[in-house]
Protein chains: 2
Amino acid sequence: MNAKGGTNSFDGHPQVTNTNIAELNQGIDAWVENDFSGACPVRDLLDRIGDKWSVLIILRLGQQDERFRALLRAIEGISQRMLTVTLRGLERDGLVHREVFDTRPPSVVYSLTPLGVSLLGHISSLTDWALENATTVELAKSRYDANT
Amino acid sequence: MNAKGGTNSFDGHPQVTNTNIAELNQGIDAWVENDFSGACPVRDLLDRIGDKWSVLIILRLGQQDERFRALLRAIEGISQRMLTVTLRGLERDGLVHREVFDTRPPSVVYSLTPLGVSLLGHISSLTDWALENATTVELAKSRYDANT
DNA sequence: CTGAATCCCATCGGATACTG
DNA sequence: CAGTATCCGATGGGATTCAG
């Protein structure tokens, strides 16, 4: 099955047409051709949200602003190092805002920027998809593995 | 700035409320707690679309079904090995269908499954976001790097 | 509390060569 | 054409230690 010959509509989500996808691929190609040196924005985004922690941090900050230590406790399994590293990356990309309160002991609060909030919507629809189709995917894997 | 205290609406996209995000986090937590052994569907999805080639392949197959060699030419920079490996992964997850035509020489056509098509919508809205906000992000990086 | 610096290993993915 | 197998360098990320 494929997407040929028409418009695929998804319940409640924006419609996707072949034209859209074609334009997208063209957009990507354009970046690849014009500046092969590296900076494809799609690649960049995938590298970010593809890393181990960025999405979980964005989802958490989508709920509420939070301090460093609180994030460390909230996000199960993350190391201190990776929390700082990932937050720096998100801050650099303009997705997360870092505010320092000069108290004793020091307090630093992280929050989503407007840009971060705008990304949050797309990310959560993706993670929604993952949760909704978890069993389907799991089933597909079992069937695939069964047929060796 | 943050998402506290209300509903964030995005132009043309589904609305995102704090409740949604909270439920999402709960959903993730549930998986983490109940089966820490590994299989969080969100983690799984991120691992897949976070790898170097899956998204590009899905976008390409969203345009048209295609044979192995054609994909290899279409997707700039991918190695033969990674194309097979990635296609196997996508097939295992039930996102891509593989059809073998027993001709000489052999021909194998890949296409998106209905599940793959349903994911395509979310992915393309993400990559759309990346292209739309590319300059904004680039600017944020420059400003961040400037302030060392 | 918030972080930077170091060490170190597991995995990802590219190059290359070989098969049906 | 459509793969598989091996080798191997680059990178991601955890544990630990030190600093303001």
Side-chain angles (χ1 to χ4, degrees), chain A residues 32 36-38 40 43-57 60-61 65-93 96-111 144 147-148, chain B residues 32 36 38 40 43-57 60-61 65-93 96-111 144-145 147-148:
Chain A
V32 171
F36 185 80
S37 53
C40 169
R43 214 5 349 110
D44 288 352
L45 178 66
L46 293 175
D47 285 348
R48 173 136 313 294
I49 73 169
D51 72 19
K52 202 170 177 184
W53 302 109
S54 287
V55 166
L56 295 181
I57 292 178
R60 183 72 192 184
L61 292 181
D65 301 354
E66 220 154 8
R67 321 181 29 178
F68 186 87
R69 183 74 24 184
L71 276 174
L72 198 58
R73 279 187 299 260
I75 301 180
E76 213 115 355
I78 194 172
S79 67
Q80 193 176 40
R81 171 182 138 82
M82 285 317 294
L83 182 55
T84 40
V85 168
T86 307
L87 283 171
R88 289 295 168 277
L90 292 170
E91 188 192 357
R92 189 171 111 100
D93 287 356
V96 159
H97 173 66
R98 175 174 180 271
E99 185 145 19
V100 182
F101 295 93
D102 199 0
T103 58
R104 287 295 312 268
S107 158
V108 179
V109 175
Y110 292 90
S111 54
Y144 183 92
N147 306 2
T148 301
Chain B
V32 172
F36 184 79
C40 167
R43 217 353 3 103
D44 288 353
L45 178 66
L46 292 175
D47 285 348
R48 172 135 315 292
I49 72 169
D51 71 19
K52 202 170 176 183
W53 301 110
S54 287
V55 166
L56 294 181
I57 292 178
R60 183 72 191 185
L61 292 180
D65 301 353
E66 220 154 8
R67 321 180 28 175
F68 186 88
R69 184 74 23 184
L71 277 173
L72 198 59
R73 280 187 298 260
I75 301 181
E76 213 114 358
I78 195 172
S79 66
Q80 192 176 36
R81 170 181 138 80
M82 284 318 293
L83 182 55
T84 40
V85 168
T86 307
L87 283 171
R88 289 293 170 278
L90 292 170
E91 187 192 358
R92 188 171 112 100
D93 287 356
V96 159
H97 173 67
R98 175 174 179 271
E99 185 145 22
V100 182
F101 296 92
D102 200 1
T103 57
R104 287 293 312 269
S107 159
V108 179
V109 175
Y110 292 91
S111 53
Y144 183 92
D145 293 343
N147 305 3
T148 299

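Every heavy atom of this structure was used, including side-chain atoms; hydrogens, water molecules and symmetry mates were not. Quick note on labels: first sequence line is chain A, next is B, and so on, each numbered from 1.
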Can you measure [X] atom [atom1] to [N] atom [atom2] for me and round it to whole angstrom units?
| X | N | atom1 | atom2 | value |
| --- | --- | --- | --- | --- |
| B:D47 | C:dT11 | CG | P | 12 Å |
| A:Q80 | C:dC7 | CD | P | 19 Å |
| A:R88 | C:dT2 | CZ | P | 11 Å |
| B:D102 | D:dC1 | CG | P | 17 Å |
| B:L72 | D:dT4 | CG | P | 14 Å |
| B:I78 | D:dG3 | CD1 | P | 13 Å |
| A:I75 | D:dG13 | CD1 | P | 14 Å |
| A:R48 | D:dG12 | CZ | P | 11 Å |

*Report the residue (A:S107 or B:K52) whose heavy-atom-nearest nucleotide on DNA chain C is the more 5′ of the two.*
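Per heavy-atom nearest nucleotide, the more 5' residue is A:S107.
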*Enter the distance from A:T86:OG1 to A:I75:CD1 here, rounded to the nearest 0.5 Å.*
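With rounding to 0.5 Å, OG1 (A:T86) is 8.5 Å from CD1 (A:I75).
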_Within this structure, what is the CG-CG distance for the pair A:L61 and A:L56, rounded to the nearest 0.5 Å?_
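With rounding to 0.5 Å, CG (A:L61) is 11.0 Å from CG (A:L56).
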*Reckon B:Y110 has a side-chain N or O less than 4.0 Å from the OP1 or OP2 of D:dC1?*
no
*OP1 or OP2 of D:dG3 sitting under 4.0 Å from any side-chain N/O of B:R98?*
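Checking B:R98 against D:dG3: at least one side-chain N or O falls below 4.0 Å of OP1 or OP2.
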*Give the minimum heavy-atom separation between A:R92 and B:Y144, together with the two atoms involved.*
CG-CD2, 3.5 Å
_I want to verify a distance call: between D:dT4, D:dC1, D:dT17, whose nearest atom is closest to the B:R67 side chain?_
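Looking only at side-chain atoms, B:R67 lies closest to D:dC1.
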*What nucleotide among D:dG14, D:dC1, C:dG3 has an atom nearest to a side-chain atom of A:M82?*
D:dG14
*Where the side chain of B:T84 meets the backbone of B:Q80, is there a donor-acceptor pair that is under 3.5 Å apart?*
yes
*Before accepting this row, confirm whether a basic side-chain N of the pair A:R43/A:D47 lies closer than 4.0 Å to the acidic partner's carboxylate O.*
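Yes, charged N to carboxylate O under 4.0 Å.
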Which part of the nucleic acid, if any, lies within contact of [X], taking any heavy atom under 4.0 Å across all strands shown: a base, the sugar-phosphate backbone alone, or nothing?
| X | answer |
| --- | --- |
| B:R104 | nothing |
| B:R81 | base |
| A:F101 | nothing |

